[in-house]
Amino acid sequence: MNIRLLLAALCGVYLSPTQSAESLDHAAMGHGAMPAAMDHSQMPTLQSRTPIPVLSDADRRAAFPAVNGHGVHDKALNGFWLIDQLEYQDADDGSALAWDMSGWVGGDIDRLWLRTEGERNNGHTEKAEVQALWGHAIGPWWDLVAGLRQDFEPGSPQTWAAFGVQGLALYNFETQATLFVGEKGQNALRLEGEYDILLSNRLILQPSAELNLYSRNDPERRIGAGLANTEAGVRLRYEIVPEFAPYIGVTWSSTYGNTADYTGEDGEQRSQTRFVAGVRLWF
């Protein structure tokens with residue numbers, strides 16, 4: 001090993017390259033014969049070295065340029081539209097086409113929400129509704145909503161005032177709870193929930209459930225007081241791209257109380273199991 005380089009590293013100095021290695025070769029130098037007075041002109045030139053120069057403001061600006069981000073809670077209008085279910089159903093009394101769609105337009109805090117769902121059976125619309133709700137964020141994951149719901153089927157058109165809450169419960173469980181205040185003292189409560197289970201990056205299993213309660217009997221619309229109906233389902237979708245995902249699944253629906261009695265009077269089954277196939281879209 002070059003003794004000169006080792007000494008330079010230990011001392012943290014820089015030796016001029018013009019100096020020869022022999023000038024520090026103590027192994028070849030007799031210490032006992034070292035003269036009492038040395039000729040300083042023959043000593044190597046020592047220069048101090050600063051490994052990292054002191055950073056200046058210009059260096060910091062060059063390393064961390066300004067980033068033009070967007071303001072939080074800004075006033076820009078954005079939108080999102082989701083066709084959660086657009087599906088063919090294999091019903092006991094024939095084929096059915098069902099849909100469940102929602103979307104919003106607005107900012108970070110206040111948004112206009114639109115929802116629609118319904119079902120056509122053998123070319124006849126059996127139920128159809130549209131909701132227009134104003135949503136206000138009360139937290140990172142929850143909104144309060146209020147607005148109107150318009151039913152077109154079954155029976156004659158009916159208008160409801162709607163009040164509710166929606167958001168993500170524990171473990172990303174999507175939840176909606178909406179109270180509807182209708183005409184002639186008829187009130188209703190709808191609870192909905194669904195959850196995505198990622199089997200892989202593209203294959204997703206989605207269980208869902210919905211139940212409806214009413215305050216009064218409505219023979220025209222074949223609805224009874226109390227718990228009227230429930231529907232549970234499980235759908236397995238494959239996301240070809242995130243915006244487009246075909247799926248298959250199965251649903252179970254049941255009616256209860258006076259609603260079940262109305263269903264029996266109409267010659268329909270009180271409980272049904274349906275196999276479904278459809279597509280999920282968002283944009």
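Below, each value reflects all heavy atoms present in this structure, side chains not excepted, and no hydrogens, waters or symmetry copies.
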Engineer: Report the distance from atom CD of Glu231 to atom OG of Ser254, rounding to the nearest 0.5 Å.
Structural biologist: 9.5 Å
Engineer: Calculate, to the nearest 0.5 Å, the distance between atoms CG and CD1 belonging to Asp143 and Ile138 respectively.
Structural biologist: 7.5 Å
Engineer: Determine whether Leu168 and Trp142 satisfy the following criterion, side chain to side chain contact (heavy atoms under 4.5 Å, CB included), listing intermediate values before the conclusion.
Structural biologist: CA-CA 7 Å; Leu168 295 177; Trp142 292 96; 5.7 Å; no
Engineer: Which residues pass the salt bridge (Lys or Arg N to Asp or Glu O under 4.0 Å) test with Asp84, not counting sequence neighbours?
Structural biologist: Arg280
Engineer: For Phe275, does the CZ atom have more than 12 heavy-atom neighbours from other residues, nucleotides or ligands under 6.0 Å away?
Structural biologist: no
Engineer: Are Gln150 and Thr159 close enough that a side-chain donor and a side-chain acceptor fall under 3.5 Å?
Structural biologist: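 Per modelled atom types, Gln150 and Thr159 side chains form a pair under 3.5 Å.
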Engineer: Trp113 and Trp160: same hydrophobic cluster, using ILVMFWY side-chain contacts below 4.5 Å?
Structural biologist: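 Different hydrophobic clusters.
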Engineer: Partners of Glu210 by salt bridge (Lys or Arg N to Asp or Glu O under 4.0 Å), sequence neighbours excluded?
Structural biologist: Arg190
Engineer: Say you draw a straight line from CG of Leu133 to CD of Gln166; how long is it, rounded to the nearest 0.5 Å?
Structural biologist: 7.5 Å
Engineer: Drop me the distance from Phe180's CZ to Glu129's CD, to the nearest 0.5 angstrom.
Structural biologist: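 Atom-to-atom, Phe180:CZ and Glu129:CD are 6.0 Å apart.
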Engineer: Under the rule for side chain to side chain donor-acceptor pair (under 3.5 Å), what residues qualify as partners of Thr230, not counting sequence neighbours?
Structural biologist: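 Thr230 satisfies side chain to side chain donor-acceptor pair (under 3.5 Å) with Tyr256 only.
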Engineer: How many angstroms lie between atom OH of Tyr214 and atom OG1 of Thr259, to the nearest 0.5 angstrom?
Structural biologist: 8.0 Å
Engineer: Checking Val250 against Val276 for the side chain to side chain contact (heavy atoms under 4.5 Å, CB included) test, could you report, in this order, the C-alpha distance in whole Å, the side-chain angles of both residues, the deciding distance, and whether it holds?
Structural biologist: CA-CA 6 Å; Val250 60; Val276 304; over 6 Å; no
Engineer: Give the intermediate values and the outcome of side chain to side chain contact (heavy atoms under 4.5 Å, CB included) for residues Ile204 and Leu199.
Structural biologist: CA-CA 6 Å; Ile204 300 169; Leu199 304 180; over 6 Å; no
Engineer: So, does Arg202 use its side chain to make a donor-acceptor pair with the main chain of Glu239 at under 3.5 Å?
Structural biologist: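 Yes.
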Engineer: Is there a side-chain contact between Leu114 and Val130, using heavy atoms and a 4.5 Å cut-off?
Structural biologist: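 No, every pair of side-chain atoms sits at 4.5 Å or beyond.
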Engineer: Nearest heavy-atom pair of Thr125 and Glu153: which atoms, and what distance?
Structural biologist: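 Taking Thr125 first and Glu153 second, the nearest heavy atoms are O-CG, 3.7 Å.
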Engineer: Should Arg115 and Glu117 count as an ion pair when the cut-off is N to O under 4.0 Å?
Structural biologist: no
Engineer: Using side-chain heavy atoms (C-beta onward) and a distance below 4.5 Å, is Arg235 in contact with Ser208?
Structural biologist: yes
Engineer: Given 3.5 Å as the limit, does a donor-acceptor pair link the side chain of Gln176 with the main chain of Glu192, or not?
Structural biologist: no
Engineer: Out of curiosity, does Val145 fall in the hydrophobic cluster containing Leu82 (side-chain heavy atoms, cut-off under 4.5 Å, transitive links)?
Structural biologist: yes
Engineer: Check the hydrophobic clustering (I, L, V, M, F, W, Y; side-chain heavy atoms under 4.5 Å; chains of links allowed) and say if Tyr238 and Leu281 are grouped together.
Structural biologist: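 Hydrophobic grouping puts Tyr238 with Leu281.
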Engineer: If you take all heavy atoms of Asn258 and Gly224, which pair is closest and at what distance?
Structural biologist: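 Nearest pair, atom of Asn258 first, then Gly224: CB-CA, 3.7 Å.
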Engineer: Looking only at side chains, do Thr263 and Asp266 share a donor and an acceptor under 3.5 Å apart?
Structural biologist: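 Thr263 vs Asp266: no donor-acceptor pair found between side chains.
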Engineer: Mind checking the OG-CG spacing from Ser271 to Asn229? Nearest 0.5 Å is all I need.
Structural biologist: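 Spacing of OG (Ser271) from CG (Asn229) equals 11.0 Å.
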Engineer: With Ile223, which of Asp218, Asn212, Thr255 fulfils side-chain contact (heavy atoms from CB on, under 4.5 Å)?
Structural biologist: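 Per the side-chain contact (heavy atoms from CB on, under 4.5 Å) rule, the option paired with Ile223 is Asp218, out of Asp218, Asn212, Thr255.
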Engineer: Treating Ile, Leu, Val, Met, Phe, Trp and Tyr as nodes and any side-chain heavy-atom pair under 4.5 angstrom as an edge, say whether Leu191 and Trp141 lie in one connected cluster.
Structural biologist: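 Unlinked, Leu191 and Trp141 end up in two clusters.
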Engineer: Do Glu119 and Arg274 sit within salt-bridge range, that is, some charged N less than 4.0 Å from a carboxylate O?
Structural biologist: yes
Engineer: Looking at Gln206, is its backbone amide N or carbonyl O close enough to the side chain of Asp196 to form a donor-acceptor pair, meaning the two atoms are under 3.5 Å apart?
Structural biologist: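 It does not hold such a pair.
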Engineer: Do Pro246 and Ile240 come close enough that some side-chain heavy atom pair is under 4.5 Å?
Structural biologist: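 A side-chain contact under 4.5 Å exists here.
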Engineer: Considering residues at least two apart in sequence or located in another chain, which fulfil the side chain to side chain donor-acceptor pair (under 3.5 Å) criterion with Asn201?
Structural biologist: none
Engineer: Going through the distances and angles, do Gln186 and Ser215 end up as a side chain to side chain contact (heavy atoms under 4.5 Å, CB included)?
Structural biologist: CA-CA 6 Å; Gln186 176 70 293; Ser215 61; 3.1 Å; yes
Engineer: Going by atom type alone, with no hydrogens or angles, which donor-acceptor pairs under 3.5 Å involve a side-chain atom of residues 94-107 and a protein atom two or more places apart or on another chain?
Structural biologist:
from	atom 1	to	atom 2	distance (Å)
Trp99	NE1	Thr116	OG1	3.3

Engineer: Is it the case that Ser156 and Arg221 place a side-chain donor and acceptor less than 3.5 Å from each other?
Structural biologist: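 Yes.
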Engineer: On the 0 to 90° scale, with breaks at 30° and 60°, tag the Phe80-Trp282 ring pair as parallel, tilted or perpendicular.
Structural biologist: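 It falls in the tilted class, 30° to 60°.
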Engineer: Between Arg216 and Lys184, is there a donor-acceptor pair closer than 3.5 Å when you use the side chain of the first and the backbone of the second?
Structural biologist: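 Checking the backbone N and O of Lys184 against the side chain of Arg216, a donor-acceptor pair under 3.5 Å is found.
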Engineer: Mind checking whether Phe163 and Thr178 have side chains closer than 4.5 Å, heavy atoms only?
Structural biologist: no
Engineer: Please determine whether residues Val234 and Leu236 belong to a single hydrophobic cluster, defined as Ile, Leu, Val, Met, Phe, Trp and Tyr linked transitively by side-chain heavy-atom distances below 4.5 Å.
Structural biologist: yes
Engineer: According to side-chain hydrogen bond (donor to acceptor under 3.5 Å, both in side chains), does anything in residues 240-251 pair up with another residue at least two apart or in another chain? List the pairs.
Structural biologist: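 Residue pairs passing side-chain hydrogen bond (donor to acceptor under 3.5 Å, both in side chains), neighbours aside: Glu87-Tyr247.
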